[in-house]
Amino acid sequence: MDPRFEASKYENTIYNFWEQNGYLQSKKGKPYTILMPPPNANASLHAGHGMYTIDDIVIRWKRLTGYASLWIPGTDHAGFETQYVFEKELAKKEQSRLNFDRETLYKMIFEFVKDNSGLIYTQFKKLGFLADWKRSVFTLDKQVIAYVSDTFKQMVTEGLVYRDNYIVNYCTYCGTSLAELEVKHIERKDPLYYLKYGPFVLATVRPETKFGDTAVAVHPKDKRYRQWINKDIEVEGLLGKFKVKVIADSVVDPTFGTGVVKITPAHDPNDFETGKRHDLEIKKVINIDGRLNELAGPYAGLKVKVARQKIIEDLQKKGLIEKIDENYEHSVTVCYKCGRDLEPTIIPNWFIKVDLLKKPVIDAILEGKVRFIPKKYKKQMLSWLEVMHDWPISRQIVWGIRIPVWYKVDKNAKNINVWWLDKNKKLNYGDISKFLKNGITLKEITSGLQQVSAETGSKQPSFVISNECPGDDYLPETNTFDTWFSSGQWPLVTLKKEEYKDRFPTDFMGTLSDILKFWISRMIMFSLYLKKTVPFKDVYLWSMVADSKGVKMSKSKGNVVNPIDMVNKYGADAFRASLLFGIGEGGTVNLSEDKVRAMRNFTNKIWNIGRFIYMNRSQSSKVISQNLDLKTKKTTDEMETEFGILRKKIIKYMNSYKFSAAFGDLYEFIWHRFADFYIEQLKEAVTTGDNQTLETLEKVYLNMLIMIHPFMPYVTESIWQIFNGSSSSILESKINVS
RNA sequence: GGCCGUUUAGCUCAGUGGUAGAGCGCUGCAUUCACAUUGCAGAUGUCGGAGGUUCAAAUCCUCCAGCGGCCACCA
């Protein structure tokens, strides 16, 4: 044995050994199943992925305690995320999504993802993950698309899906609407304009939406304005005089500004709700390209921010601005992806009614059918489920599973807006009837199709749900499902049919806490809806991996630790252990090179204990064992007793998922009790040929190796094979937990 | 504004009613010894603050403050 454990010398050989000898597959025994949270197909490993180690520890521990543990991997197409990355690549070539029809764009992204996928699995293997890679599932695999489409069909049939014109947060840059979870709120200073508005003065940060005002609201109990309620007022505006109704609504805070609010249902979520309550007209003045439309008169065609400046100047000229508060602080909703201001706007969307679906989820959590570790996430989950609104599932991007809907288009077709490229690659936009009347064929439109937006409500065209095109006179819905709509069905598409009998619900779901609401909630929801049972029993949430000071890693801060660098330098075992050592369960994980180095030193300590025993074993194999002297006997007895106690403690910790505590105790025992104390005490006896003591040392040592194997698989397996032969595996060992 | 978490050594963090702990860093000593990626010894703490419960509180309770997370609202 070398005087040092050189991880790089063993890791590949050991992993290949596991792979070639079927250790990635489950063995006989009681089933135990973990589904890997699918990373983005085109991702490469970052520090956060390191936490998948937790799942691997559980898989290995369960294997050693006699379970047929199985870890099924997969990758996610990550719709919005991936298209965003791809569009950035396009932009480098001075192109944009608008240059391509949707089919071409889809194919291009598909190729892009294909070129970049596979890397993360190679990296996972480097970390030693015992996953059954042959069973990998991609969320755009045929059977997944079919399953997800069937779910949609069933939900439509059961009345759980509706289309509606709904105010959504729309990112004019990314070109799609976002769910509430995908928006970010930031605090910002913006000017608050006090506008003269007929008999009133009112405060707004968005004067450019005033062309879409369809009411003015005051608080019902506000005495100042009581006389105006339900009356029309005449307002002098930039486009001349107009009349607008005064309504009373308790959303108005009489102490804010002047206590008067303009209501713009088309461009503000609150105003939209208010508008619904008072049955107000909806006047859209901003198009989804972020520009004002013809209702804005001379300002039509201007982008929102430009228009705002111009409008303010013009209002000032007309003397319609009373004052401007330049230091107004408020929170603004921005796109979580590109950081730009979101435009609340009304576009047709597909929605899932969640009221009926979320109830069983809440019950299951309350009944403890799904447990959360750490416990605080149970409360967080429940409080979020309570306020959960209907889920807008349509995204106006191409990278994803298309909503399998086809609109019937006949001679009288209308109420369907289309964006399409003609033969000359020129983008056309408008109601489909306009094009058909001008002699353009449906085929021409579909071959260059970018987007379809069908009206809702009474104007909604008829449609059929089908994966295949039902006929020549149909136009496909171009919206795709929200990524979480498909990944939410992950537990329902990863197992083989026959496995649902004994591997479902699965046992453990270890994932990052920041997708608790996006993903975990939806998986439970879909599973309860479709399978009438929860998808997994225990959810283990780990927090963000941060740098040594607890600061989130980011390229701009320059504090990113590359896991693969750490693995190459110090070994996979050291990197894995550094994510666990000295942390609280569910807290921030601080990663630093110092810590990885400390753990590398520990692997070396484990190795050298083995080296000591091994050297003496080969030397003393022919020496006849002596009678133990009393002191030596007492020490070995103590050692065995102490290890016995530790063993029970570790089992207890592992059963309650206290990985850090388990590893910490093993570290303490192996280094500071076994090596520093017992070996030192017994060294003389062993080196002078006391075989019996050496055997006891070896027995305890090998048992220790088994216990720590889930945490440090490579060094333990390497030593095991040196002691027991290169065809043996530590994974064949059994830890008796009873 | 609501809920949750957190505050312990220079740094990063464990600890849970009974003598304050680890890793890294620091100081001194040890070298043909399994390992210097080592060993031994040591320094550094009013355990955020104030009250309370208890024979006994870092640990349980109340209040306050700082930090963090989640949610809601912001014309």
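Letters A, B, ... mirror the listed sequences (proteins, then strands); counts begin at 1.
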Between B:U8 and B:C13 - C1' atom distance, rounded Å: 9 Å
Does A:Lys358 reach the main-chain N or O of A:Met525 with its side chain, forming a donor-acceptor pair under 3.5 Å? no
Is the charged tip of A:Arg673 near the ring of A:Phe677: under 6.0 Å from the six-membered ring centre and within 45° of its axis? yes
Any non-hydrogen side-chain atom of A:Trp542 less than 4.5 Å from a side-chain atom of A:Tyr540? yes
How does protein reach along nucleotides 23-38 of chain B, written 5' to 3' as B (base within reach of a heavy atom under 4.0 Å), S (only sugar-phosphate), or - (no contact)? SS---------BB-BS
Could you tell me whether A:Tyr328 contacts a base, only the sugar-phosphate backbone, or nothing, with contacts defined as non-hydrogen atoms closer than 4.0 Å? sugar-phosphate
Phosphate OP1/OP2 of B:C3 contacted by A:Lys379 side-chain N/O (<4.0 Å): no
How is A:Thr204 classified with respect to the nucleic acid when contacts are heavy atoms under 4.0 Å: base, sugar-phosphate, or nothing? sugar-phosphate
Base-pairing assignment for B:G39 (Watson-Crick or G-U wobble, both under 3.5 Å): B:C29
Hits for side chain to side chain donor-acceptor pair (under 3.5 Å) against A:Arg188, two or more places apart or cross-chain, chain-then-number order -> A:Asp190, A:Asp341
Among A:Thr204, A:Thr209, A:Asp271, exactly one meets side-chain hydrogen bond (donor to acceptor under 3.5 Å, both in side chains) together with A:Lys262. Which residue is that? A:Thr209
On a whole-Å scale, what distance lies between the P atoms belonging to B:U27 and B:A43? 16 Å
Start with the C-alpha distance between A:Asp538 and A:Arg371, add both sets of side-chain angles, then the distance that settles salt bridge (Lys or Arg N to Asp or Glu O under 4.0 Å), and finish with yes or no. CA-CA 5 Å; A:Asp538 291 339; A:Arg371 295 192 302 166; 2.8 Å; yes
B:U12 to B:A65 separation - P atoms, rounded to the nearest Å: 24 Å
Tell me whether A:Lys323 forms a cation-pi arrangement with A:Tyr194, defined as NZ or CZ under 6.0 Å from the six-membered ring centre and within 45 degrees of its axis. yes
Please classify the nucleic acid contact of A:Val251 as base, sugar-phosphate, or nothing, using heavy-atom distances under 4.0 Å. nothing
Among A:Thr635, A:Thr693, A:Thr636, exactly one meets side chain to side chain contact (heavy atoms under 4.5 Å, CB included) together with A:Gln681. Which residue is that? A:Thr635
Polar atom pairs between nucleotides 41-44 of chain B and protein, under 3.5 Å, N or O only, would you list them?
none

Would you measure the distance from the C1' atom in B:U62 across to the matching atom in B:A57 and give it in whole Å? 15 Å
